[in-house]
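Following: one structure in structure tokens, then a few remarks.
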Amino acid sequence: MDDFMKLRRLTEEKLQGAVLTSQQKQRLEEELSVIKQTDTAGVFLRYADTMSALKPYGAVCNGIMHCSFLCYILGLTKVNPLDYKLPFERYYNTARKTLPFFPLIVPQAH
């Protein structure tokens, strides 16, 4: 199974039992389309794995990734961009020449 299909399956697992509005469905499909076109699903999968490992240590996401509804669904950010009308294109789009950026903060142990 390729990374895009793994990402889609992970997204479906996270949404299990949830009922999305037509706006949420459309936004999710638009974001997944950009990710498929840019062949960056693996980046999102690795970041989800990294966050799963670091959440017990208080890791949080910060910054521009709050524009991604997919990141919200995956639990990578607590901000639902649809609540604030944040455009995904501001975070990531097909014209971008670099990989998506995932700002991560891990508190320093004392």
Side-chain angles (χ1 to χ4, degrees):
M1 179 182 307
D2 71 1
D3 282 345
F4 183 76
M5 292 308 297
K6 289 178 187 175
L7 181 61
R8 188 173 276 286
R9 188 172 69 185
L10 177 61
T11 303
E12 290 169 1
E13 288 173 10
K14 296 287 186 176
L15 287 171
Q16 195 169 31
V19 178
L20 297 181
T21 66
S22 60
Q23 179 190 25
Q24 291 170 326
K25 288 178 190 176
Q26 180 180 352
R27 175 66 174 261
L28 179 59
E29 288 307 316
E30 288 172 4
E31 290 189 24
L32 287 170
S33 176
V34 169
I35 291 165
K36 185 172 185 170
Q37 290 176 51
T38 57
D39 195 27
T40 54
V43 176
F44 285 82
L45 287 171
R46 298 318 160 277
Y47 192 71
D49 287 344
T50 301
M51 276 302 295
S52 291
L54 294 177
K55 270 191 179 180
Y57 300 99
V60 294
C61 301
N62 195 9
I64 195 73
M65 72 180 298
H66 295 310
C67 292
S68 172
F69 186 58
L70 176 63
C71 288
Y72 173 71
I73 290 169
L74 295 176
L76 304 178
T77 178
K78 293 182 180 181
V79 176
N80 182 343
L82 299 176
D83 291 345
Y84 301 97
K85 297 178 177 39
L86 300 174
F88 178 66
E89 297 79 21
R90 187 171 159 208
Y91 170 63
Y92 194 60
N93 58 65
T94 56
R96 187 174 172 158
K97 302 297 181 205
T98 59
L99 293 174
F101 181 61
F102 295 96
L104 176 65
I105 299 170
V106 181
Q108 184 175 8
H110 296 278

>> Set out, in order, the CA-CA distance, both residues' side-chain angles and the distance that settles side chain to side chain donor-acceptor pair (under 3.5 Å) for Gln37 and Ser33, then state yes or no.
In response: CA-CA 6 Å; Gln37 290 176 51; Ser33 176; 2.9 Å; yes

Looking at [Y] and [X], is any side-chain nitrogen of the basic one under 4.0 Å from a carboxylate oxygen of the acidic one?
X     : Y     : value
Lys36 : Asp2  : no
Glu29 : Lys25 : no
Arg96 : Glu89 : no

Taking all atoms of both residues into account, what is the closest heavy-atom pair of [X] and [Y], and its distance?
X      : Y     : value
Pro107 : Tyr57 : CD-O, 3.6 Å
Pro87  : Cys67 : O-CB, 3.4 Å
Ser68  : Glu31 : OG-OE1, 2.8 Å
Thr94  : Thr38 : CA-CG2, 3.9 Å
Leu76  : Met65 : CB-CE, 3.8 Å

> Got a second to check how far Glu30's CD is from Leu28's CG, nearest 0.5 Å?
Replying inline: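 Interatomic distance, Glu30 CD to Leu28 CG, rounded to 0.5 Å: 9.5 Å.
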
> Rounded to the nearest 0.5 Å, how far apart are CG of Asp49 and CE of Met51?
Replying inline: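 Answer rounded to 0.5 Å: 11.5 Å.
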
> Would you say Arg90 has more than 12 foreign heavy atoms packed within less than 6.0 Å of its CZ?
Replying inline: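 Atom CZ in Arg90 is not crowded, with 12 or fewer foreign heavy atoms closer than 6.0 Å.
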
> Got a sec: does the CG of Asp39 have more than 12 other heavy atoms crowding it under 6.0 Å?
Replying inline: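 At most 12 heavy atoms, drawn from other residues, nucleotides or ligands, come within 6.0 Å of this atom.
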
Heavy-atom check, side chain of [X] versus side chain of [Y], under 4.5 Å:
X     : Y      : answer
Tyr47 : Leu104 : yes
Tyr92 : Thr40  : yes
Glu12 : Arg8   : yes
Leu32 : Phe4   : yes
Leu7  : Leu70  : yes
Phe88 : Pro81  : no

Under a 4.5 Å side-chain heavy-atom rule over Ile, Leu, Val, Met, Phe, Trp and Tyr, are [X] and [Y] clustered together?
X     : Y     : result
Met1  : Leu74 : yes
Val43 : Ile73 : yes
Leu15 : Phe69 : yes
Leu20 : Leu82 : yes
Tyr72 : Leu45 : yes

> Ignoring hydrogens and geometry, is there a side-chain-to-backbone donor-acceptor pair from Arg46 to Gly42 under 3.5 Å?
Replying inline: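 Checked: pair present.
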
